[in-house]
Amino acid sequence: MNYKLSKNERLHSKKSIKELFDKGSSFFLYPFKVLFLEAGDSETNQVLFSVSKRKIKRAVNRNYVKRRMKEAYRLNKHLLDTVEPDKKRHVALIYVSHELQSFQDIQPKIVKILTRIAKTETP
RNA sequence: GAUGCAAGCCGAUUUGUCGCCGUCCCGUCUUUGGGCGGGAAGGAGGAAAGUCCGGGCAACAAAGAGCGCCAUACUUCCUAACGGGAAGGGCCCCACUCCUAUGAUGUGGGGUACAGAUAGUGCCACAGAAAACAAACCGCCGCGAAACGAUGUCUCGGGGUAAGGGUGAAAAGGUGGGGUAAGAGCCCACCGCUCCUACAGUGAUGCAGGAGGCAGGGUAAACCUUAUGGGUUGAAAGAUCAAAUAGGCUCCGGUCCAAGGGCUGCUCGUCCAAUCCCGAUCCGUCGGGAACCCGGAGUGGGUAGAUCGAUAGACCCUGCUUGCGAAGGCAGGGCUAGAUAAAUGACAAAUGGCUUUUGCCCUCGGGCAAAGGUUACAGAACCCGGCUUAUAGGCUUGCAUUUUUU
RNA sequence: GAUUCCGUAGCUCAGCUGGUAGAGCAAUACACUUUUAAUGUAUGGGUCCUGGGUUCGAGCCCCAGCGGGAUCA
């Protein structure tokens, strides 16, 4: 099993991010807002994590949340390929809570989100 | 030993599994840009924070001077520079000592935005007679007039007076004596204040002597004056390379005998339609060139993106040395993050520190064991020097208080 | 990374170049009404974000901090 999360699996292109936010489908699963979009030209699934400065003031706490989100995605990203292994997507995970949550709280939510995205038919 | 204050320093460790970032090495693939796999060593701070100052660096601007704006403000020094720091001076507060009823000198500690109020303007509520070119409410003291209970009392008028009362944060040098009708720096002594001179000190200033009868309340963290400094912007600065697409420019070729447009589902066909310049002309046109259009090549700017800026520096450690000190000099050694939708981690366990409860021991303050809790503040974003603020817990040094022992 | 503004009653805001902190809404009580609402009268309610400083005196001036908002590609 591949548990890595290298740079080409992270979404960092300004253009792709703009496209994702303009055209992507979205849903809420507290404490996350999720955007995703099918990307035909991409070789892998690409993901971005966002924690707002408005929601969480301290840089230390923002890092705390982002690292746990990354870990949860890294350990469960295979769930995206369970239904249609060839379909690749761009995904944005946005943390919208004001409070910190532990890894034990975050991981089950991420698992739920990834299975839901995998089952969704994107037109 | 305990407690408190001040200064300085440290600010968790280990193991396992899975990862992230750049550097180097090896292998492999390759479109020579790089991709993939493996390995090695490295990877947040004392404040990385706040962005309160200063500098480097960069772009732009710039004859010089003045006005304006902003900042700073005892002195000397340190420094690349500073609003930072060191040493010193003045002032204020506290303690001790001395003397005494109020202070003095000395010692120690703490604080201090500490230039100018005699350059000018403004403000000083309420209370109070009066709040700034002083002022007469009560009071005190003469003078004049009237009355009467007649050498006094009271009333009125017109004066003198800042000693006393009362108000206030503040009432126009203080204390004592002389003086006076009563008083008053009116005069005198001491203290204070201002000015001048000598001496000591680089200087702030100190100290001594002399002169002046005292003019001059506070507020500049009110406007302001004086002196000094500041060009503006800020890495989102700036530099280099530059895909695709669409423009610009240049060149070549084609069309111009026709480009283009309409009719038609399409071809053929047919109809409409030909800008400018030069030359020739029988004035009908003809020839050449340009433009338009089509195709190709090159090239400039520049977007996405990439690289640099950007991590070896006013650097760190040790020793010697100069200086009271901040700091400087010399010698030796060291290399210590470099990301960019933004790495330095996640999970689990153990250990250590601190602490709570229970049990046992004992020199009554600790030790041991078990269980539990807690392990802070905080995340580089161009770099550096400071300042300020946050911080579980621990260590060192100095001072003060207290207890015990000697 | 840079710039800038705000913090006053439960809420929304005033407070002039410093002198005893106010308005509207809300709250409480009373009146009116069969009752409620509306209306009227009265009342209470303030660490002027925090700490320090200047001043006789600070919501206002100065310094430091805390919290919140906005702008700049």
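In what follows, chains carry the letters A, B, and so on, assigned in the order in which the sequence lines appear, proteins first and then strands, with residues in each chain numbered from 1.
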**Student:** Starting from P on B/U17, measure out to CZ on A/Phe103 and report it in whole angstrom.
**Tutor:**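 Between P of B/U17 and CZ of A/Phe103: 18 Å.
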**Student:** Only one of A/Asn63, A/Leu93, A/Asn61, A/Val65 forms a side chain to side chain contact (heavy atoms under 4.5 Å, CB included) with A/Val51, so which one is it?
**Tutor:**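 The side chain to side chain contact (heavy atoms under 4.5 Å, CB included) with A/Val51 is passed solely by A/Val65 among A/Asn63, A/Leu93, A/Asn61, A/Val65.
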**Student:** Scan every strand shown for a Watson-Crick or G-U wobble partner of C/A58, both distances under 3.5 Å, and answer none if you come up empty.
**Tutor:**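 Paired with no nucleotide.
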**Student:** According to the Watson-Crick and G-U wobble definitions, with both distances under 3.5 Å, which nucleotide is paired to B/C283?
**Tutor:**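 When the pairing criteria are applied, nothing turns out to pair with B/C283, so the answer is none.
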**Student:** Does B/G46 sit syn or anti, given that only angles within 90° of 0 count as syn?
**Tutor:**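 Syn, since the glycosidic angle lies within 90° of 0.
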**Student:** Quickly work out the A/Arg68 CZ to B/A348 C1' distance and round it to whole Å.
**Tutor:**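 The distance from CZ of A/Arg68 to C1' of B/A348 comes to 14 Å, rounded to the nearest Å.
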**Student:** Closest to the A/Arg58 side chain: C/G68, C/G67, B/C347?
**Tutor:**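 In terms of side-chain proximity for A/Arg58, the closest of C/G68, C/G67, B/C347 is C/G67.
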**Student:** Taking any heavy-atom pair under 4.0 Å as a contact, classify A/Arg10: base, sugar-phosphate, or nothing.
**Tutor:**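 Sugar-phosphate only.
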**Student:** Testing the basics here: between A/Asn76 and A/Leu114, what is the closest heavy-atom pair and its distance to 0.1 Å?
**Tutor:**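 For A/Asn76 versus A/Leu114, the nearest heavy atoms are O-CD1, 3.2 Å.
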**Student:** Mind listing the closest non-hydrogen atom pair of A/Arg68 and A/Gln101 along with its distance?
**Tutor:**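 Distance-wise, the nearest heavy atoms are CD-O, 4.2 Å.
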**Student:** Looking at B/A342, I'd like to know if its phosphate oxygens (OP1 or OP2) sit under 4.0 Å from a side-chain N or O belonging to A/Arg62.
**Tutor:**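 No, outside the criterion.
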**Student:** Can you tell me which nucleotide in B/A343, B/C347, B/C18 comes closest to the side chain of A/Tyr3?
**Tutor:**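 Looking only at heavy atoms from C-beta outward on A/Tyr3, the closest nucleotide is B/C18.
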**Student:** Considering non-hydrogen atoms only, spot the tightest contact between A/Pro31 and A/Lys109 and give its length.
**Tutor:**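 Residues A/Pro31 and A/Lys109, closest heavy atoms: CD-NZ, 4.0 Å.
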**Student:** Choose from B/G345, B/A343, B/G37 the nucleotide whose nearest atom is closest to any side-chain atom of A/Arg74.
**Tutor:**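 Shortest atom-to-atom distance from the side chain points to B/G345.
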**Student:** Of all the heavy-atom pairs spanning A/Leu20 and A/Ala92, show the shortest one and how long it is.
**Tutor:**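 Reported closest heavy-atom pair: CD2-CB, 3.7 Å.
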**Student:** Mind checking who B/C320 pairs with, Watson-Crick or G-U wobble, both distances under 3.5 Å?
**Tutor:**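 For B/C320, the partner nucleotide comes out as B/G329, under the 3.5 Å rule.
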**Student:** Are A/Glu9 and A/Lys77 ion-paired here, with the side-chain N under 4.0 Å from a carboxylate O?
**Tutor:**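 Counted as a salt bridge, because a side-chain N and a carboxylate O are separated by less than 4.0 Å.
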**Student:** Which one is paired to B/U406, where only Watson-Crick or G-U wobble pairs with both distances under 3.5 angstrom count?
**Tutor:**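 Looking at the geometry, B/U406 pairs with no nucleotide.
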**Student:** Over how many whole Å does the gap from A/Leu5 atom CG to B/G345 atom P extend?
**Tutor:**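 That distance rounds to 16 Å.
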**Student:** Tell me the interatomic distance from A/Lys53, atom NZ, to C/G69, atom C1', rounded to whole angstroms.
**Tutor:**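 In whole Å, C/G69 C1' lies 14 Å from A/Lys53 NZ.
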**Student:** What is the distance, to the nearest angstrom, from the NZ atom on A/Lys66 to the C1' atom on B/A339?
**Tutor:**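 In whole Å, B/A339 C1' lies 12 Å from A/Lys66 NZ.
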**Student:** With the side chain of A/Ala59 defined as its heavy atoms from C-beta on, choose the nearest nucleotide among B/G37, B/A342, B/G379.
**Tutor:**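 When the side chain of A/Ala59 is considered, B/G379 is the closest of B/G37, B/A342, B/G379.
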**Student:** Round to a whole Å and report the spacing from CG of A/Leu75 to P of B/C18.
**Tutor:**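 Nearest whole value for this atom pair: 12 Å.
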**Student:** What nucleotide among B/A343, B/G379, B/C347 has an atom nearest to a side-chain atom of A/Lys70?
**Tutor:**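 So the nucleotide nearest the side chain must be B/A343.
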**Student:** Looking only at the side chain of A/Arg67 (C-beta and beyond, no hydrogens), which of the listed nucleotides B/G19, B/U344, B/A343 gets closest?
**Tutor:**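 In terms of side-chain proximity for A/Arg67, the closest of B/G19, B/U344, B/A343 is B/U344.
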**Student:** Is A/Lys57 touching bases, backbone alone, or none of the nucleic acid, heavy atoms closer than 4.0 Å?
**Tutor:**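 If one applies the 4.0 Å heavy-atom cut-off, A/Lys57 turns out to touch the sugar-phosphate alone, with no base involved.
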**Student:** Please give the nucleotide sitting opposite B/G66 as a Watson-Crick or G-U wobble pair, both distances under 3.5 Å, or none.
**Tutor:**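 WC or wobble partner does not exist here.
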**Student:** Both distances under 3.5 Å, Watson-Crick or G-U wobble: report the partner of B/G201, or none.
**Tutor:**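 Check on B/G201: unpaired, no WC or wobble geometry under 3.5 Å.
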